[in-house]
Amino acid sequence: VQLQASGGGLVQPGGSLRLSCAASGFTLDEYTIGWFRQAPGKEREGVSYIGRSGGSTFYAGSVKGRFTISRDNGRNTVYLQMNNLKPEDTADYYCAARRGYRLIASAWMNEKLYDYWGQGTLVTVSS
């Protein structure tokens, strides 16, 4: 069972990146997925979340309107499209999977509720 996050890199402010979270060893459509990030010297925080079918999504206030989460269960992959990136978006980004029904809005940021975590992919926003 493995989650592989990828797509990070260096981008200028205002630019875009698309992160991918690919699952192997299990069927992703049985899991809801969260994206988290951890900036240097800061605690990890929730960024976005998507239900199993993709019909339910949540976003942190700091990224709402700029980031879009989506999933392609046929490809066993979840995406995070990040637009209008800001220097404060610089962080290691992680995806996490939770088996079962979707979490409610007040719970999806709780890291303890997730079963599997991928390694981080670094996003650096700088001119």
Side-chain angles (χ1 to χ4, degrees):
V1 174
Q2 189 175 12
L3 287 172
Q4 180 78 35
S6 62
L10 174 63
V11 63
Q12 292 186 342
S16 297
L17 282 174
R18 188 177 79 158
L19 304 184
S20 298
C21 174
S24 59
F26 64 99
T27 304
L28 197 61
D29 63 6
E30 296 179 358
Y31 292 78
T32 63
I33 302 294
W35 280 100
F36 293 78
R37 67 185 181 187
Q38 186 167 23
K42 295 187 177 182
E43 292 186 354
R44 191 156 57 185
E45 62 177 0
V47 175
S48 186
Y49 174 85
I50 190 166
R52 291 188 302 178
S53 67
S56 179
T57 58
F58 298 127
Y59 297 92
S62 59
V63 307
K64 199 168 187 178
R66 300 188 296 122
F67 291 11
T68 302
I69 192 169
S70 62
R71 64 191 299 157
D72 184 342
N73 287 336
R75 295 180 181 272
N76 239 24
T77 303
V78 172
Y79 304 99
L80 185 68
Q81 178 67 43
M82 305 187 296
N83 298 330
N84 190 21
L85 282 161
K86 303 176 180 181
E88 52 263 40
D89 294 317
T90 295
D92 279 307
Y93 283 72
Y94 301 84
C95 58
R98 171 182 163 82
R99 187 168 187 173
Y101 293 103
R102 70 175 179 88
L103 297 170
I104 60 176
S106 60
W108 70 270
M109 290 188 179
N110 185 345
E111 299 178 26
K112 296 179 181 179
L113 298 178
Y114 292 84
D115 301 308
Y116 303 112
W117 288 80
Q119 90 297 345
T121 184
L122 179 62
V123 172
T124 303
V125 184
S126 175
S127 55

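- Heavy-atom minimum distance, T121 versus G8: OG1-N, 3.0 Å.
- From Y93, atom OH reaches atom CG of L80 across 7.5 Å, with rounding to the nearest 0.5 Å.
- For Q119 (side chain) and A5 (main-chain N/O), a donor-acceptor pair under 3.5 Å exists by modelled atom type.
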Can you list the steps and then say if V125 with M82 is a side chain to side chain contact (heavy atoms under 4.5 Å, CB included)? CA-CA 11 Å; V125 184; M82 305 187 296; over 6 Å; no

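- The side-chain hydrogen bond (donor to acceptor under 3.5 Å, both in side chains) check on Y49 picks up T32, with sequence neighbours excluded.
- R37 has its side chain within reach of S62: a pair of non-hydrogen atoms, C-beta onward, lies under 4.5 Å apart.
- Counting only heavy atoms from C-beta outward, the side chains of N110 and L103 never approach each other to under 4.5 Å.
- Cluster membership for Y31 and V78, using ILVMFWY side-chain heavy atoms within less than 4.5 angstrom, is shared.
- Between the Y59 side chain and the I69 main chain, a donor and an acceptor come within less than 3.5 Å of each other.
- For the residue pair C21 and L3, the shortest heavy atom distance occurs at SG-CD2, 3.8 Å.
- Remark: the backbone N or O of R52 is paired with a side-chain donor or acceptor of N73 at under 3.5 angstrom.
- Across every non-hydrogen atom of T77 and S20, the tightest pair is CG2-CB, 4.1 Å.
- V63 and Y79 are not part of a single hydrophobic cluster, where members link through side-chain heavy atoms under 4.5 Å apart.
- The neighbour count for E88 CD, taken as heavy atoms of other residues, nucleotides or ligands under 6.0 Å away, is above 12.
- To the nearest 0.5 Å, the span separating OH on Y114 from SG on C95 amounts to 11.0 Å.
- To the nearest 0.5 Å, the span separating CH2 on W108 from OG1 on T57 amounts to 10.0 Å.
- The side-chain heavy atoms of S126 and L10, taken from C-beta on, include a pair separated by under 4.5 Å.
- Atom-to-atom distance recorded for F58:CZ and R102:CZ is 5.0 Å, nearest 0.5 angstrom.
- Every side-chain hydrogen bond (donor to acceptor under 3.5 Å, both in side chains) that Q81 has, sequence neighbours left out, goes to N83.
- Side-chain atoms of N76 come within 3.5 Å of backbone N or O of A23 as a donor-acceptor pair.
- With hydrophobic clusters built from ILVMFWY side chains whose heavy atoms lie under 4.5 angstrom apart, V47 does not share a cluster with M109.
- When the side chains of ILVMFWY residues are joined at heavy-atom separations under 4.5 Å, either directly or via intervening members, Y94 and V123 end up in two distinct hydrophobic clusters.
- Proximity of the aromatic rings of F36 and W117 is defined here by a centroid distance below 6.0 angstrom, and this criterion is met.
- What you find for P13 and S127 is that their closest heavy atoms are CD-N, 3.7 Å.
- R71 contributes no side-chain N or O that, together with a main-chain N or O of G54, makes up a donor-acceptor pair within less than 3.5 Å.
- The NZ atom of K64 sits 10.5 Å away from the OG atom of S48 when rounded to the nearest 0.5 Å.
- Note that CD1 of I33 and CD1 of I50 are 9.0 Å apart. Values are rounded to the nearest 0.5 Å.
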